[in-house]
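First comes the structure, then the notes that go with it.
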Amino acid sequence: MVEHNFHQQSHSFVKFVVLVCLLFLSASISVEARIRHYEWEVKYEYKSPDCFKKLSISINGKTPGPTIVAQQGDTIVVEVKNSLLTENLAIHWHGIRQIGTPWADGTEGVTQCPIVPGDTFVYKFVVDRAGTYLYHAHYGMQRQAGLQGMIRVSLPDGVLEPFSYDHDKSILLTDWYHKSTYEQATGLASLPFSWVGEPQSILIHGRGRFNCSIPSIDPTLCNATNPQCTPYSMTVVSGKTYRLRIGSLTALSALSFEIEGHNMTVVEADGHYVEPFVVQNLFIYSGETYSVLIKADQDPTRNYWASTKVVSRNSTTPNGLGIFNYYPNHPRRYPPTIPPPGPRWDDVTPRMAQSVAIKSHKDFIHAPPLTSDRVIVMLNTQNMVNGYRRWSVNNVSFNMPHTPYLIALKHNLLHTFEQTPPPDNYDHKNYDIFNIAPNVNATTSNSIYRLKFNTTVDIILQNANTMNPNNSETHPWHLHGHDFWVMGYGNGKFNQSTDPKNYNFVNPIMKNTIPVHPYGWTALRFRADNPGVWAFHCHIESHFFMGMGVVFEEGIEKVGKLPTSIMGCGESKRFLRP
């Protein structure tokens, strides 16, 4: 009897332990895979981020918009209501690969129809990897009107990073124009051509300072005492180490960022750990993110300047300034020194040196495939098409179709875009990249590159002279839906026989955005392993608007049933009929 009771009690105890374990397991799973829900209203509001009052696109009244904070594996749900009244809308989640959800990439004309005024659209996707990412408008040139923000994804509980710090902070760098995006886009698409010019200000997390005392400035529009343009201030405690996540969503400008008197250790780039290296100023191009470690190890009785400067363009834009504030000094107390002037705008050498220095952390190397199945060389040029100024790849300037590619390809509406594929190369032997082309005329096309699924693709970005003498611009190229290995950089014309022999197969960094430097080349490699249709384009807003981009299709037959919410434009209207 005693033995029988003992067995009953033992059996009950085992059941109890199993039940507790199951409850604990289910609880841990729910913690590991949260759903993060956001409700955003996007609308125009008058803002004065640099003291000059103009219409800005805000999210829930703010620009930059709210930072999305999540943990690896979480599902993000963003309900976006378009209250712009007279404009369509789409939001791209920059650096999120959208594995299994290509329709949530947020690229109007490629993965979805735009969100029309008054409508609400739900983006739902998984953040599958820790790191620092961005979001921004991907319709027309709306990004530079202020619709942008950051995404911060942490590691699962108990997983450690290869560096330590006391506090985690984020700042977004942007440039700021006083003209509306309508005026700018109209000028770019007009005869005669009207360039957007240099931005009026550089903003550090939505704050800058325009000189309101210029005689031609309307005093009713520019108010230097407006609290909206109080300099950005980052408060630190002496002796502490700070992880500063820096993102750039400039419309035009390549930037140098520095904090007076402090070194920065680069530890992350585009969501991948970097073998740490120290810089005094960080070069950052539109669409890139970095994490740097900064120790508050200077004289704590004063504040220091945070400064950002336009590089790679002979810009008239004044440096953007913020305050690195040592507690308990007042956060708006100006430093006693002159702000650092920053590097020379036309010195390419340190910019190239930083690009080459970015390698994968030794404990987090993802080895690239040793060979590629296809090589596409992309000559970046400025051209004329029927009298209009354009940007082109291999003398083809990109136009967006009316029916988004993802819908057209999945539903076999191939007549909605041109079927002759774009060229994989250019006249490498005869083209002189150092001079204006004797024939600057190009063609336009909305054709795309069809990639064989799961193959390895090399892209060689080849820079060249623009239509101005002795001028080659820096172009940051961003790939949707993937990270790529950065195989190498070089000056001059890429040699397809010899340069691949110098590729970095040991510890190449993986990124989603990369610069091609003036008169230089950048080689990258990626696996076409994410079913969908993905844009690859220059992240300078006006350049992409003027045709500097391409589209890749891969594994379209593996894409699941498309949600009807992405339809309603072009020939996809037919799928919404009752």
Enter the distance from [X]:[atom1] to [Y]:[atom2] here, rounded to the nearest 0.5 Å.
X: S472; Y: Q382; atom1: OG; atom2: CD; value: 10.5 Å
X: D119; Y: C113; atom1: CG; atom2: SG; value: 11.5 Å
X: S56; Y: Q228; atom1: OG; atom2: CD; value: 8.5 Å
X: T107; Y: I91; atom1: OG1; atom2: CD1; value: 11.5 Å
X: L203; Y: L173; atom1: CG; atom2: CG; value: 9.5 Å
X: Q354; Y: I284; atom1: CD; atom2: CD1; value: 9.0 Å

Applying salt bridge (charged side-chain N to carboxylate O under 4.0 Å, His left out), which residue pairs with at least one partner in [range] are found, sequence neighbours left out?
range: residues 46-71; result: E45-K47
range: residues 167-178; result: D168-R245
range: residues 301-318; result: E198-R313, E260-R302, R313-E473

If we ignore hydrogens and angles and just use 3.5 Å, is the side chain of [X] paired with the main-chain N or O of [Y] as donor and acceptor?
X: Q200; Y: H178; value: yes
X: Q280; Y: N263; value: no
X: S397; Y: S392; value: no
X: T230; Y: P227; value: yes
X: T63; Y: G65; value: no

Exercise: identify the closest heavy-atom pair between [X] and [Y]:
X: I151; Y: Y135; value: CG1-CD2, 3.9 Å
X: N380; Y: V516; value: OD1-CG1, 3.9 Å
X: M400; Y: V110; value: SD-CG2, 3.8 Å
X: E258; Y: N281; value: CB-CB, 3.8 Å
X: L172; Y: P64; value: CD2-CB, 4.0 Å
X: V153; Y: R129; value: CG1-O, 3.5 Å

Ignoring hydrogens and geometry beyond distance, is a side-chain donor-acceptor pair present between [X] and [Y] at under 3.5 Å?
X: E87; Y: Y44; answer: yes
X: H478; Y: N512; answer: yes
X: T132; Y: T289; answer: no
X: N471; Y: T466; answer: yes
X: D105; Y: H480; answer: yes
X: E41; Y: S83; answer: yes

Check the orientation of [X] and [Y]. Use parallel for under 30°, tilted for 30 to 60°, and perpendicular for over 60°.
X: F210; Y: F52; value: perpendicular
X: H136; Y: H539; value: perpendicular
X: H92; Y: H138; value: perpendicular

Below 6.0 angstrom between ring centroids: does that apply to [X] and [Y]?
X: F545; Y: W391; answer: no
X: W93; Y: Y133; answer: no
X: F121; Y: Y123; answer: yes

Residues which pass side-chain contact (heavy atoms from CB on, under 4.5 Å) with A70, listed by chain and number, not counting sequence neighbours
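For A70, the residues satisfying side-chain contact (heavy atoms from CB on, under 4.5 Å) (neighbours in sequence not counted) are R36, D74, I76, V127.
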Over 12 non-hydrogen atoms of neighbours within 6.0 angstrom of [atom1] in [X]:
X: H402; atom1: NE2; value: no
X: N470; atom1: CG; value: no
X: Y327; atom1: OH; value: no

Do W40 and V78 pass the side-chain contact (heavy atoms from CB on, under 4.5 Å) test, and can you show the C-alpha distance, the side-chain angles, and the key distance before you say yes or no?
CA-CA 7 Å; W40 288 358; V78 187; 3.6 Å; yes
Would L249 and R143 count as a side-chain contact (heavy atoms from CB on, under 4.5 Å) here? Give the steps.
CA-CA 8 Å; L249 282 174; R143 187 181 89 219; 4.3 Å; yes
Provide the full list of side chain to side chain donor-acceptor pair (under 3.5 Å) pairs with a residue in residues 185-196, sequence neighbours left out, each pair given once.
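Non-adjacent pairs meeting side chain to side chain donor-acceptor pair (under 3.5 Å): zero.
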Using the test ring-ring contact (aromatic ring centres under 6.0 Å, His included), find all partners of [X] that sit at least two apart in sequence or belong to another chain.
X: Y139; answer: none
X: Y388; answer: none
X: F257; answer: none
X: W477; answer: F536

Taking D346 first and then R344, would you say they form a salt bridge - that is, a charged N and a carboxylate O separated by under 4.0 Å?
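Result for this pair is yes, salt bridge flagged.
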So does E288 pair up with K511, basic N to acidic O under 4.0 Å?
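So E288 pairs with K511 through a salt bridge.
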Tell me, with the steps shown, if H517 and Y519 meet side-chain contact (heavy atoms from CB on, under 4.5 Å).
CA-CA 6 Å; H517 294 287; Y519 298 113; over 6 Å; no
Considering only heavy atoms from C-beta outward, does the side chain of V551 approach that of F398 to under 4.5 Å?
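V551 reaches F398 side chain to side chain.
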Mind listing the side-chain donor-acceptor pairs of residues 231-238 below 3.5 Å, one per line with the distance, residues two or more places apart or on another chain?
unit_1: S233; atom_1: OG; unit_2: P331; atom_2: O; d: 2.8
unit_1: T235; atom_1: OG1; unit_2: N325; atom_2: OD1; d: 2.7

By disulfide bond (SG atoms under 2.5 Å apart) - contacts of C538 (at least two apart):
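Once residues adjacent in sequence are excluded, C538 has no partner under the disulfide bond (SG atoms under 2.5 Å apart) criterion.
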If a pair satisfies disulfide (SG to SG under 2.5 Å) and one of its residues is in residues 223-274, list it, with sequence neighbours excluded.
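As it turns out, the disulfide (SG to SG under 2.5 Å) pairs with a partner in residues 223-274, which skip direct neighbours, are C51-C229.
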Using the rule given for salt bridge (Lys or Arg N to Asp or Glu O under 4.0 Å), can you reason through K81 versus E39, listing the C-alpha separation, both sets of side-chain angles and the distance that settles it, and then say yes or no?
CA-CA 8 Å; K81 182 181 180 185; E39 291 182 7; over 6 Å; no
Apply the test side-chain contact (heavy atoms from CB on, under 4.5 Å) to residues Y290 and L282: give CA-CA distance (whole Å), side-chain angles for both, the deciding distance (0.1 Å), then the verdict.
CA-CA 9 Å; Y290 290 97; L282 177 78; 3.9 Å; yes
I need the single residue from T513, I540, T474 that forms a side-chain contact (heavy atoms from CB on, under 4.5 Å) with Y285. Which is it?
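Among T513, I540, T474, the one that satisfies the side-chain contact (heavy atoms from CB on, under 4.5 Å) with Y285 is T474.
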